[in-house]
**Student:** 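Just passing along the structure, written as structure tokens.
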Amino acid sequence: MADSSKLDKTFDPTAIETRLYEAWESEGCFKAGRAPEAEPYTIVIPPPNVTGSLHMGHALNNTLQDILCRFERMRGRDVLWQPGTDHAGIATQMVVERQLAEQGNESRREMGREKFLERVWQWKEESGSTITRQLRRLGASCDWSRERFTMDAGLSKAVLKVFVTLYEQGLIYKDKRLVNWDPGLLTAISDLEVEQRETNSHLWHFNYPLEDGSGHITVATTRPETMLGDTGVAVHPEDERYKDLIGKNVVLPIVGRLIPIIADEYADPEKGSGAVKITPAHDFNDFEVGKRCGLAAINMLDQHAAIDLSDEAFDTMDRKDEWHGLDRYEARKNIVATLEGLGLVDKIEPDTHMVPYGDRSNQVIEPWLTDQWYVDAEAMAKPAIEAVKSGATKFVPPNWDKTYFEWMNNIQPWCISRQLWWGHQIPAWYDEDGNVFVAESEEAAQAQAGEGVALTRDEDVLDTWFSSALWPFSTLGWPDETPELARHYKTDVLVTGFDIIFFWVARMMMSGLHFKDEVPFHTVYVHALVRDEKGQKMSKSKGNVVDPLEIMDKYGADALRFTLSAMAAMGRDIKLAESRVEGYRNFATKLWNAARFCEMNDCFEAGEFDPTKASLPLTQWLVGEVARAQNAVTTALEAYRFNDASNGVYQFIWNSFCDWYVELAKPALQGADGVAKAEVQAATKWAMDQALRLLHPFMPFVTEEVWAKTAQRDNHLMLDVWPNFPESFINEAADAEVSWLIAAIGEIRSVRSEMNVPAGAQVPLVVVGADAATQKRLSETNAVLKRLARLADISEADAVPEGAVQTVLGEATFALPLADVIDVDAEKARLAKDISKVEGEIKKISGKLGNQGFMDKAPEAVIEENKARLAEEEARRDKLQSALARLG
RNA sequence: GGGCGAUUAGCUCAGCGGGAGAGCACUACAUUGACAUUGUAGGGGUCACUGGUUCAAUCCCAGUAUCGCCCA
């Protein structure tokens, strides 16, 4: 059923995108297993937050994955692009809590765990399809029949298995140590979830009186309020100012506790007063100092980061009720005021320092002593480091492995427990004495504990990234030994932004190696961050967010995809300017109109074209151009050079095919030579089909539409075959012919334009000094030359006519006799400028050739090339000089 | 403080040991043309700076300056 309807004059993406996507999906084009004999190709999607919506980073990330998947699918691989979503513990729980508050509902704690979780699941069901619908909008060719969610049954089973196994292997353990405590969310978070923000504050200098009454020592601090928990004052062992004080005690003001002055290299003599108060329970560095020097860690904050003086250390403190329960910042003010009243404030300096914030909650984080579950990341990192060292997994671009090593070599225990409700509940049960039983089910835990022992389950859930870390194998069915797991693990390439190398990539490496004994992917392609036009990180608060959905509505998904791909050069951020998207929308239109041209010239009805049997220089040249483009795009994609690949196909279609081939083909297509016409028609269709194939991974919609509209096809373009042409398709002789023709047209156009010959005017061309080859070319290309250079006729002569503008091509001089129009002075100036340009080149090249060192050491080919160029330029200069001389 | 990266046309950015490129913007011209979401032609660069290696440096090396990101 050949579609005989004419293509519309412009291409309307919105009208076709949904229709095409639905057709692909409903016909199973995205499904893995279509080619059971073929080599599998596997990518797991970085699972977006289930309640999120598509931002520009997703658009880039998924466009690149889709390009790879479509490319490999066309190359015959059995592609599985495994999709799914992440439960995103903190983020999702926060969203639902906010909703409850906005709707005036009872709060999470009032509702209770069970009811709240029901509510979250309900929200997940409502909003979970938003992001996957948006991915479809982008054209993502995921196998949706295999969609997974980090909290679905299968993946939860994997989580249990991993937790229990690691626990049994001693790689997961419970420990009491300082954690990053979020006093707003009331949960611990991992180091990675803490953002250090530069903050303007003060450095307070307090005088702590010496016990012996001999004076005081001045300590400098950024956190006055934690002084209540001080258990020491540290000075540098080499610091002459304080050497005599080491070992003495000071009386901690307000509290009255005696605390020692100790020597530790942590105290920086350059900073503040050189003496620093040590609060082991509320500062990570102080905790270490305390451990080294045997200082107690006294807790003085509650979970809300309010002052809590219930520790027995405060039993003897005067007026402690005035402090107990105060908010930390209130306490800070009061402490400073009280010390001022006591005359113990030495000075207060403005100071800028880093303050830790929760990346989700925006709360100032408190180091706080709690019991939490940890993964022994150091042990698990070892094989993961080795795997990258050995090249089992490669980063592209490779410099990211430095970042990876840097972090992995200094990895800290990973705090995996969260005091949240939304997530995988930790499979640990406690008896009344606090003994812990870790098992995959309550029954198994009970069996460990013994019949009749009352057990309570650990209330905490796991860090979201704990389940994400299993994604490459849990989505394939692990712990069951499914056929998919056997076939698709390890996966091929992971495509991700550098911001989650630590959060995700490193942890997948660790868990993959531990549980599957093999890396999860052989390549990690790390792409840039998308920023706004000015290079600023996009954020809602800055109001500079470019919404990919709006862009797609305006320009189409193809245009957005192509823009992102064309700008995805390695190692650099993408500054997205809307003008680029507009330009690539125009590119889609260009392709569309090229197709219309082919249709109007009956190319799609033409017979088969055998590229090895092309007989005309034009079609031979075209075959070579297609082969070159195919090779450029393929090579670039194999190397993940998305920008080169995009530019390659862009240049081929716009410059080679539309600007030159189509223009050069017009005389034949509209001419009387039936044989030539038939060959050109067939070649045009063939080249157009190759163009559609090469562009399809980048612009799937417009290419599929053109494919369907222009000929009787028995398949979708997305399931068609990626072209692969041999070097022999490039025909040097044909290249030379067409290059000469292009150069001739260019020279004439240029000289016409510069001499202000009206663009519409048909002028005669007189060629002087043409050799036999040029004479032959002139006669063979007469029609097309006249057409594209707008010539009235072409003749040859022995001498340049009076009053002609001239230009030089090879051995021949092209003259346009324009006696009545010509401005002799302008023409002289133009030629003089040309000559000086050429002479500049000649000087450069002859300088090189005159250099003995160059002649001795440069490769022969380079020397020959320079000699040839010199000869060419000299000949050109001579021709131009005689042209100038002729003007008198 | 440690690490990584950047500096090339007015803007956004490719490139790279041997003839400085693209897109956009700009200027002029063009409505015969598949396409004005177009075409043709053109202007515009000490490839940040200073040294070094080399027959040859925008490219490699060292340093300087400026800017950015990550980690502490």
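Every chain is numbered from 1 and lettered A, B, ... according to where its sequence line falls, protein lines coming before strand lines.
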**Student:** Using a 4.0 Å heavy-atom cut-off across all strands, classify A/Glu582 as base, sugar-phosphate, or nothing.
**Tutor:** nothing
**Student:** Report yes if at least one side-chain N or O of A/Asn410 is closer than 4.0 Å to OP1 or OP2 of B/rA72; otherwise report no.
**Tutor:**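 A/Asn410 to B/rA72 OP1/OP2: no side-chain N or O under 4.0 Å.
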**Student:** Is it the case that A/Ser750 and A/Glu754 place a side-chain donor and acceptor less than 3.5 Å from each other?
**Tutor:** yes
**Student:** Output the rounded distance in Å from CH2 (A/Trp654) to P (B/rU40).
**Tutor:**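 Roughly 10 Å, once rounded to whole Å.
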**Student:** Could you verify whether a donor N or O on one side chain and an acceptor N or O on the other, from A/Thr14 and A/Asp12, lie under 3.5 Å apart?
**Tutor:** yes
**Student:** Can you see if the side chain of A/Trp407 gets near the phosphate of B/rG2 - specifically, an N or O under 4.0 Å from OP1 or OP2?
**Tutor:** no
**Student:** Within less than 4.0 Å of OP1 or OP2 of B/rA20, is there a side-chain N or O belonging to A/Lys844?
**Tutor:**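 So the side-chain polar atoms of A/Lys844 do come within 4.0 Å of the phosphate oxygens OP1 or OP2 of B/rA20, strictly under.
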**Student:** Using OP1 and OP2 only, check whether a side-chain N or O of A/Lys833 sits under 4.0 Å from B/rG43.
**Tutor:** yes
**Student:** Report yes or no: is there a donor-acceptor pair, N or O only, under 3.5 Å between the side chain of A/Arg790 and the base of B/rU32?
**Tutor:**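 Indeed, a donor on one side and an acceptor on the other fall under 3.5 Å apart.
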**Student:** Check whether any side-chain nitrogen or oxygen of A/Arg641 sits under 4.0 Å from OP1 or OP2 of B/rG15, and answer yes or no.
**Tutor:** yes
**Student:** Output the single nucleotide from B/rC55, B/rA41, B/rA72 whose closest atom is nearest the side chain of A/Phe854.
**Tutor:** B/rC55
**Student:** Examine the side chains of A/Glu582 and A/Asn586 and answer whether a donor and an acceptor come within less than 3.5 Å of each other.
**Tutor:**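 No pair is found: no donor N or O on one side chain lies under 3.5 Å from an acceptor on the other.
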**Student:** List the residues meeting ring-ring contact (aromatic ring centres under 6.0 Å, His included) with A/Tyr555, not counting sequence neighbours, and say none if there are none.
**Tutor:**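 Not a single residue meets the ring-ring contact (aromatic ring centres under 6.0 Å, His included) criterion with A/Tyr555.
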**Student:** If we take the P atom in both B/rC26 and B/rG63, what is their distance in whole Å?
**Tutor:**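 Result for the P pair: 44 Å, nearest Å.
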**Student:** Do the side chain of A/Lys402 and the base of B/rC4 come within less than 3.5 angstrom through a donor-acceptor pair of N or O atoms?
**Tutor:**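 There is none.
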**Student:** Does the B/rU40 base have a donor-acceptor partner in the side chain of A/Arg749 within less than 3.5 Å?
**Tutor:** no
**Student:** Phosphate oxygens OP1/OP2 of B/rG19: is one of them under 4.0 Å from a side-chain N or O of A/Lys848?
**Tutor:** yes
**Student:** According to the salt bridge (Lys or Arg N to Asp or Glu O under 4.0 Å) rule, which pairs have a member within residues 550-566 of chain A, sequence neighbours left out?
**Tutor:** A/Asp66-A/Arg561, A/Arg137-A/Asp553, A/Lys554-A/Glu578
**Student:** Quick check on B/rG3: is either OP1 or OP2 less than 4.0 Å from any side-chain nitrogen or oxygen of A/Thr403?
**Tutor:**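 No, no such contact exists.
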**Student:** Record whether the side chain of A/Arg869 comes under 3.5 Å of the base of B/rG19 through a donor-acceptor pair of N or O atoms.
**Tutor:**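 Result: at least one qualifying N/O pair found.
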**Student:** Nearest 0.5 Å, please: how far is CZ in A/Phe287 from OG1 in A/Thr279?
**Tutor:**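 One finds 13.0 Å between OG1 of A/Thr279 and CZ of A/Phe287.
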**Student:** For Watson-Crick and G-U wobble pairs within 3.5 Å on both distances, what is RNA chain B written in dot-bracket notation, | included for inter-strand pairing?
**Tutor:** (((((((..((((....[..)))).(((((.......))))).....(((((..]....)))))))))))).
**Student:** Atom OG1 in A/Thr703, atom CD1 in A/Ile653: separation rounded to 0.5 Å?
**Tutor:**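 Answer for the OG1-CD1 pair, A/Thr703 versus A/Ile653, is 9.0 Å.
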**Student:** Starting the side chain at C-beta, find the nucleotide from B/rG23, B/rG42, B/rG19 nearest to A/Tyr650.
**Tutor:** B/rG23
**Student:** What's the CZ-C1' distance between A/Arg876 and B/rG19, to the nearest Å?
**Tutor:** 15 Å
**Student:** Taking any heavy-atom pair under 4.0 Å as a contact, classify A/Asp659: base, sugar-phosphate, or nothing.
**Tutor:** sugar-phosphate
